[in-house]
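Values below: all heavy atoms of this structure, side chains included; hydrogens, waters and symmetry mates excluded. Note that the structure is predicted; figures quoted are calculated from it, not measured. All residue numbers in this chain count up from 1 along the given sequence. Counting starts at 1 for both ligands and their atoms, following the listed order.
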Amino acid sequence: MKEEIKNCQNCKKDFVIEQEDFNFYEKIKVPPPTWCPECRQQRRYAWRNERTLYRRNCDLCGKSIVTIYSPNKNLKVYCIKCWWGDGWDPASYGKDFDFSRPFFEQFKELQSLVPRIAVFNKNNINSDYTNHSGDNKNTYLSFCAFNDEDVMYSSWIMKSRNCLDCSYVYDAGERLYACIDSRKSFKCQFGFLLENCMDCFYCYDCHNCNNCFLSSNLRNQNFVFKNQKYSREEYLKKIEEYNLSSYKIRQKLYKEYLDLMVKNSIHRFVVSERNINCDGSMLFNSKNTKICFDSDSVEDSKYIYSVISLKSSMDLYHIGWGTELAYEIHGSKGYYNCQYCNHSADNTNMMYSDSCQNCANIFGCICVKKGEYMILNKKYSKEEYEKLRGKIIKHMESTGEYGEFFSPSISPFGYNETQGNYYMPLTKEEVLARGWLWEDKVPGIFGKETIAEEDIPDTIEEVSDDVLNTVFKCNVCTKNYNIVPNELTFYKREQIPLPHKCPECRYKERFAIRLPRKLWHRKCMNVGCENEFETSYAPERPEIVYCESCYNKEIY
Ligand SMILES: [Zn+2]
Ligand SMILES: [Zn+2]
Ligand SMILES: [Zn+2]
Ligand SMILES: [Zn+2]
């Protein structure tokens, strides 16, 4: 077994490349990486602006559009209709490769010329304020949302209806509020790891439960209050003591909910269901994977984050739907044998390309649709292409560029606009010191509030339709926010008081409850058990963390 210790060229820490990694690099004919897995992950994060939206005009039809590109950026941006239309030709921006200059420099130049799509959305109805989304109706300020209806302020939400402030909700979630990592649940509020639950409030890790309140680690239960079983009547009486439409009461309940999760629950070392020979967490239906998080149906892959349906790949972030032999890619689907690419769909044999669709055998291309044998958006014959591609790779080897994903320094986004800002936050100084980018003009209005926090009605019953014209001030970041009509309907129906935080701070709050995408080697905390495991709970965390068998004994 060959195993090599390398020094990361970015953070200068040592990292290990294992024999199986070398086998993969050999198979797809790429050199081993020079950055450690963490830094590689960060580099991909820097290319994903998932949720920072701006208004600017389409550079073709002139209409005002919602886009992920701030107006001050030197980029051409087209609305979805213009971008997909025949009114422009990506090949008209084609450039000859200049062997006297580095590849990335030429790629960056091309980037400023070729029109980019405003947002990555498809088949949405009345859902302008979304990104990385498709097949939605009436979806508002939600991201990574697919097949949803009437969903607001949520992210990574699929096949769900009437949900607000949710993250990682799948498969027919309905009437959910502030739920995280939950499936097939109905009418639940403040839940984490719920499955097949109904009318559960402030619950953690419950399956097949209904009418449970401030409880955790339950299976097939009903009428459970603070982990105590009651009769239906007793339970309802307990619940009635809380006026759920009051903000003050909700604040107390939220604190109790956080306490319940941290102090009074058993935590399985990872969330892993129906997997064979896998490590990682929030992982489902997978086989032979390593360091794999927030993913489903992954096989023979490593360093995988937010992926659905994948085989034989490494170093991916937000990929899926039938991808194989992919390496160092962000945001794509339907790939075969593609490396070092950003946000594209349905491509084969592609390298170093960005936002390309239905292409085969292209290299260094941007926003090409149905292209073949193209380099820097210029068309070649098959023979010319292969010869030139080989020459460019040799050139990139000599400049030290080959084998590296696009640097954050040529990302179309400031680091603070991207998911890097959430997963691996850096200060402006740290970002600039690395030669990466920072966006000073991120959206946000301040100081225009028309109501003080203490004047916000405590209960939702006291709120009238005038609230739709009120400007609020977030009690965390001080940014202004407002309430939209669908949102008010939701709060009234579900008896939820008005929020005192802006949607962004609410997202961050949910984000903080989820575990990091990292593993630590630890021992089971059940007294007398010697089992060890790789867990996403850091050793210094306060939660009680059990191995699989101790957890199962305790729960079932
Ligand atoms: Zn590193
Ligand atoms: Zn347009
Ligand atoms: Zn805020
Ligand atoms: Zn144990």
* Asked: Among side-chain atoms of Tyr153 and Glu487, is any donor-acceptor pair under 3.5 angstrom?
  -> yes

* Asked: In terms of side-chain geometry, is the basic nitrogen of Asp205 or Arg219 positioned less than 4.0 Å from the acidic oxygen of its partner?
  -> yes

* Indicate whether the side chain of Tyr415 and that of Thr418 have a donor and an acceptor atom separated by less than 3.5 Å. => no

* Do Glu50 and His132 get their side chains close enough for a donor-acceptor pair, meaning under 3.5 Å? -> no

* Would you please say whether a donor-acceptor pair under 3.5 Å links the side chains of His267 and Tyr204? => yes

* Less than 4.0 Å between a side-chain N and a carboxylate O, is that true for Arg43 and Glu328? -> yes

* Charged N-O contact under 4.0 Å between Glu494 and Arg175 -> yes

* Would you call Glu504 and Arg51 a salt bridge, taking side-chain N to carboxylate O under 4.0 Å as the test? -> yes

* Structure fact -> So the protein N/O/S atoms within less than 2.8 Å of the Zn ion (ligand 4) come down to Cys524 SG, Cys529 SG, Cys547 SG, Cys550 SG

* State, to the nearest 10 degrees, the angle whose vertex is the Zn ion (ligand 1) and whose arms point to SG of Cys11 and SG of Cys8. => 110°

* **Pair Asp458, Ser246: side-chain N/O donor-acceptor within cut-off below 3.5 Å** => yes

* the Zn ion (ligand 3): protein N, O or S atoms [distance under 2.8 Å] -> Cys474 SG, Cys477 SG, Cys502 SG, Cys505 SG

* Rounded to 10 degrees, what angle sits at the Zn ion (ligand 1) between Cys36 SG and Cys39 SG? -> 100°

* **Glu548/Arg268 salt bridge by N-O under 4.0 Å criterion** => yes

